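Please read the structure below before turning to the comments.
The sequence lines fix the lettering, A, B, ..., with proteins before strands; numbering per chain opens at 1. Keep in mind the model is a prediction, meaning the values are calculated, not measured.
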Amino acid sequence: MVEAKTLQARNTVALARWLLGKHLVRRFPDGRIEARRIVETEAYDGERDLACHARVGRTARTDVMYAAGGVWYVYLCYGVHEMLNLVVGPRDWPAAVLIRGIEGAGGPGRVTRALAITRALNRAPACDDSAGLWLEDRGGTLPRSAVVASPRVGVDYAGPVWAAKRWRFTLRPGADRAAPGGRRRERSTRVAGRAG
DNA sequence: TACTCGATCGGA
DNA sequence: CCGATCGAGTAA
């Protein structure tokens, strides 16, 4: 399980990167449990971020983003796909991390379809199993080289400055396992530090 | 109340 | 490239 406190740091971009390799665990209505590693994320950080839903301030829809980190934000996109986000940051700082990919399902719409995630999970807790969808840190530190940063997808409406931010993080396939002969000492991702 | 436009995907 | 499909946000 992941500590809610960890998700309440005001460092959205670092958290998006940190979430790579963590496990998204789903308990389906029939009781079956499935865990999948997160392989792609995107950071959305505050009202200033013109790509973030909270750019319009606090509304019925964005209210959940102002909660303290550790709950889910699920919304319907294009009237077709449910999008799964993890709310992060301290209370009143509207930020979230979009779960764009898990092992075996790339693309945010496919993530939710694969795990039967709907808006019924909006505002549900992500750090305990009470809602049937939670995060687990099963260990295994990623070398920094396993992570690729790139611009966020589909946010041209945010204007050139915000659309260009490399706040999308992808886990390079295969690059997360320990190097053979294992003497390579690489800096691992850190949650603390400067974002932007 | 009318209109516009999506943090996408699958099929021409 | 295009259509699906619907709710949030905005203007009126």
Going by atom type alone, with no hydrogens or angles, which donor-acceptor pairs under 3.5 Å involve a side-chain atom of residues 20-29 of chain A and a protein atom two or more places apart or on another chain?
unit_1 : atom_1 : unit_2  : atom_2 : d
K22(A) : NZ     : W18(A)  : O      : 2.9
R26(A) : NE     : L115(A) : O      : 2.8
R26(A) : NH1    : G132(A) : O      : 3.3
R26(A) : NH2    : A116(A) : O      : 2.8
R27(A) : NH1    : D129(A) : O      : 3.3
R27(A) : NH2    : D129(A) : O      : 3.0

Is the side chain of N122(A) donor-acceptor paired with the backbone N or O of V74(A) at a distance under 3.5 Å, no angle test? yes
Taking R100(A)'s backbone N and O only, do any of them form a donor-acceptor pair with E42(A)'s side chain (distance below 3.5 Å, no angle check)? no
Taking atom CG of D156(A) as the centre, does the number of heavy atoms from other residues, nucleotides or ligands within less than 6.0 Å exceed 12?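 At most 12 heavy atoms, drawn from other residues, nucleotides or ligands, come within 6.0 Å of this atom.
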Counting neighbours of CZ on R91(A) that are heavy atoms of other residues, nucleotides or ligands and sit closer than 6.0 Å, is the number greater than 12? no
Tell me whether E136(A) is salt-bridged to R138(A), with the criterion being a basic N under 4.0 Å from an acidic carboxylate O.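 A salt bridge is present here (some side-chain N lies under 4.0 Å from a carboxylate O).
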Carboxylate-amine/guanidinium proximity below 4.0 Å for R58(A) and D92(A): yes
Tell me, for nucleotides 2-12 of chain B in 5' to 3' order, what letter each nucleotide earns: B for a base near a protein heavy atom under 4.0 Å, S for only sugar-phosphate near one, - for neither? ----BBBSS--
Using the rule side-chain contact (heavy atoms from CB on, under 4.5 Å), only one of L86(A), V88(A), V87(A), L121(A) pairs with V71(A); which is it?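 That would be V87(A); it is the only one of L86(A), V88(A), V87(A), L121(A) passing the side-chain contact (heavy atoms from CB on, under 4.5 Å) with V71(A).
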Does a nitrogen or oxygen in the side chain of T59(A) sit under 4.0 Å from OP1 or OP2 of dG9(C)?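 Yes, T59(A) has a side-chain N/O under 4.0 Å of OP1/OP2 on dG9(C).
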Per-residue pairing states of DNA chain B in dot-bracket (Watson-Crick or G-U under 3.5 Å; . unpaired, | other strand) read ||||||.||||.
